[in-house]
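Here is the structure we will look at, set down as C-alpha cells.
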Amino acid sequence: MGQVGLPLPIRELASTTWDAVIVGAGHNGLACAAYLAKAGQRVLVIESRERVGGACTIEEPFPGVRMSPCAYLAGLLHPLVIEELELERRGYTWTPAVNGLFVPFLDGSSIQLWDDDERCAAEVRALAPGDEAGWKRMGEVIRRLRDALRPAGDGDLWIGEAPAREEIEERLGNDAEARAVLFDWSMAEFVEHYIKDERLQIAYLGQGVIGTNASPFDPGTASIRFHHASGRLGGMPGMWGYVQGGMGMVSFYFCDAAREAGATVVSGVPVAQIVPGEGVLLEGGERIHARTIISNADPRRTLTMLGGAADAAWRARVEQVPMEGCTVKLNVHLRELPNFTSRPGTNEPHHYGQINAPLTKAEWKAGFAAARNGELPEHLWCELYFQSVHDPSVAPAGTHTMSVFAQYVPHTFARGNWDERRDEVRRLAFASLARFCTNINDGINDGIGSAVIDA
C-alpha cells in the first residue's frame, strides 16, 4: 500500500551517481520516474512521507476505512499512460460513473444528468421542457472542443509540448462558440447562453469552478467545464470513474511500473536542499549525486529547497503564482447513504454517480466574496462521491464512505486559523447538505469527518 520504506541503505544511495533524482513521490513524480527508467536512465525517487502518492494516496482515517485524503475520481488519466505503463496488468480496474450528476433543488425538484444522452434529455424535458434544444447545443459545443483539441488517437494536444494559442485557434477554425467557451465566457455566461431555467443553470455552475479560486461569474471559468469533460477514460468521452481500491492505487501502480523499469523509490526520507548540477542534500546530512534533479514538490516548496540557488527570474515567476486555495475536502464514514428529500431512499441510482448540493446565483456570489474576505459563507457548494457503493472493500460491511468536495472557504481566515476553525467548517458543510437531506447528521459514523484544506 505504498509504504516502500528504504530498499537500500542511505550510504549506498549516496555512493551512486544517478542520472536523475526526483524529489517527491506523488503520482506525477512516479509517472515521470517510470518513463525515465523505461528510457534507460538510472532514477532515484525520494519521498519524505512514509507512503508514496502525495495527494493521490490511501490512508485509514477511520478503523477499517480506506480513503484517499485528497483525490477522489479518475477522469483525466490519459489512456496512453494506462497503456504504456501497463496499469491493467498491474491490477488497475475502474467503474465508470455512468449515473452522472444528481442535483436536488430547494423547491423539492431535482435532476439526474446521466452520462447517457437519451436518459439525460428525458430528465431535462421533465424539469425544463423549453430547454431541451439549448441543452443539446450546450453539450455539442463541448463535444466539438474535445474532438478538435483532444481527438482520440493521434493529434491530442495534451501529448508533447504545450500548444501555442495559435495552434489551438487553428484547430477551432471559425467555431465562435467553441472559442468563447475556451477563452472568454464565464460559466454563468455559458449556461445562460443555452438554457433559461434557473434551476438547470445552477445545476451546472459548479462544473465551471471545481477547485478554482474564481466565481462562476468570472470570465474564463467556462473553460474549466471543458477541461473536466475533455478526457476519454476507457474510450468514453468525458467519462470519470471510481478506481478499485481507491484513487491511491493509481500512484501505487505507477510506483510498481517505475520499480519494474529499474527506478529506485524510497520513502520516509526528507530532502533538505536541492543543489543544481550536483544533486540533493538529505535532512540527515547525506548528499545524493545526480546530474538532473526533478521536483515533484509544489513550486513554493521547491523554491525553499533551492534557497539562494534559484534563478532570480524563475523565483519571481513562482512567487507571482496565486497559491491560495478555496476548497475543502471532507472524508466521512457513514452508517447509511444520504436520504434526499427530492428523491428519497438510501440506495438509489443517484448514489452511484456524483451529487451536487447547489447554490443559488446569489449564494454563489456571496459565498465567493465572503471567502475572499477571510470569512465563511452562509452555505457551501458541495460535490459528493461514494466510493463504497462501487467498491465495498474500502469500508466495513454495511457502512459507506463519502468524499465531500466543497467551496468556498478562506485560505486564510480574517479571524482565527484553520486549527481553530476546522470543526466549524465541517459543521458548515454538513449544514449545507442538510438543506437537501433528512439524515446527514444521523448517518455519520464515528461522529465526524476528517477535513483537509486544499490550499
Side-chain angles (χ1 to χ4, degrees), residues 1-7 20-37 43-61 66-78 81-82 85 87 90-92 94 210-211 240 242-243 245-259 261 263-274 280 282-283 288 293-306 318 321 323-325 327-331 385 387 394 401 403 405 411 418 450-455:
M1 297 297 292
Q3 293 181 295
V4 298
L6 193 62
V21 165
I22 299 175
V23 180
H27 67 286
N28 288 315
L30 291 166
C32 178
Y35 275 99
L36 287 175
V43 181
L44 172 65
V45 184
I46 307 176
E47 170 58 42
S48 63
R49 300 176 73 241
E50 293 298 330
R51 179 177 280 122
V52 303
C56 184
T57 191
I58 290 176
E59 294 182 0
E60 189 175 339
R66 295 193 308 172
M67 299 185 77
S68 172
C70 294
Y72 42 93
L73 286 187
L76 300 179
L77 176 57
H78 205 291
V81 175
I82 294 173
L85 298 188
L87 297 197
R90 303 180 195 286
Y92 166 82
W94 67 292
I210 296 171
W240 290 70
Y242 295 83
V243 175
M247 277 297 295
M249 297 304 297
V250 173
S251 296
F252 303 160
Y253 297 139
F254 284 168
C255 186
D256 290 344
R259 293 194 295 180
T264 299
V265 183
V266 303
S267 64
V269 180
V271 171
Q273 185 179 354
I274 294 173
V280 298
L282 305 182
E283 283 192 358
I288 307 294
I293 305 97
I294 299 161
S295 180
N296 187 207
D298 73 74
R300 298 283 175 84
R301 173 63 183 142
T302 302
L303 268 185
T304 300
M305 289 187 286
L306 279 167
V318 170
V321 174
M323 293 179 65
E324 295 188 357
T327 66
V328 64
K329 172 92 182 303
L330 280 77
N331 299 314
Y385 311 86
Q387 173 83 19
V394 301
T401 62
S403 296
F405 186 92
H411 175 274
W418 272 95
S450 60
V452 179
I453 178 64
D454 171 18

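At least one side-chain heavy atom of L30 sits less than 4.5 Å from a side-chain heavy atom of S251. Looking at heavy atoms from C-beta onward, L77 lies out of side-chain contact with V243 at the 4.5 angstrom threshold. Contact of the K329 side chain with the P69 side chain is not registered, since no non-hydrogen atoms from C-beta on lie closer than 4.5 Å. Counting only heavy atoms from C-beta outward, the side chains of F254 and V52 never approach each other to under 4.5 Å. A 4.5 Å side-chain heavy-atom check between V4 and C255 finds at least one atom pair inside the cut-off. For the pair Y253/L85, no side-chain contact is recorded, criterion being any heavy-atom separation below 4.5 Å from C-beta on. Residues R66 and M1 meet the side-chain proximity criterion, which asks for heavy atoms closer than 4.5 Å. With contacts defined as side-chain heavy-atom distances shorter than 4.5 Å, the pair C32/N296 does not qualify.
Here L282 contributes atom CG and I288 contributes atom CD1; the two are 4.5 Å apart, rounded to the nearest 0.5 Å. Atom-to-atom distance recorded for H411:NE2 and T327:OG1 is 10.5 Å, nearest 0.5 angstrom. Separation of atoms CG (L87) and CE (M249) is listed at 11.0 Å; rounding is to 0.5 Å.
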Checklist entry - side chain to side chain contact (heavy atoms under 4.5 Å, CB included) between Q273 and V280: does it pass, once the steps are laid out? => result CA-CA 6 Å; Q273 185 179 354; V280 298; over 6 Å; no
Checklist entry - Where do S403 and M67 land on the side chain to side chain contact (heavy atoms under 4.5 Å, CB included) test, with the steps shown first? => result CA-CA 9 Å; S403 296; M67 299 185 77; 3.7 Å; yes
Item to check | R259 and T264: CA distance, side-chain angles, deciding distance, side chain to side chain contact (heavy atoms under 4.5 Å, CB included) verdict | outcome: CA-CA 6 Å; R259 293 194 295 180; T264 299; over 6 Å; no
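In terms of heavy atoms, M323 sits closest to D298 at CE-OD1, 3.6 Å. Taking both residues in full, the closest heavy atoms of Q3 and S267 are given as C-OG, 4.3 Å, listed atom of the first, atom of the second, then distance. Between I294 and A20, the closest heavy-atom pair is CD1-CB, 4.4 Å. Here the shortest heavy-atom pairing between R301 and A297 reads CG-CB, 3.8 Å. In terms of heavy-atom proximity, M247 sits nearest to A74 at SD-N, 3.4 Å. Across all their heavy atoms, V45 and G24 have their closest contact at CG1-O, 3.8 Å.
Taking the centre of each ring, Y72 and F405 come in below the 6.0 Å mark.
Checked by atom type and distance alone, the side chain of E47 pairs as donor or acceptor with a backbone atom of R49 at under 3.5 Å. No side-chain donor-acceptor contact under 3.5 Å links S48 to the backbone of P270. Side chain of R51 to main chain of I58: a donor-acceptor pair is present (N/O by atom type, distance under 3.5 Å, no hydrogens or angles).
For the side-chain contact (heavy atoms from CB on, under 4.5 Å) with L44, the lone residue among V266, V265, V23 that qualifies is V266.
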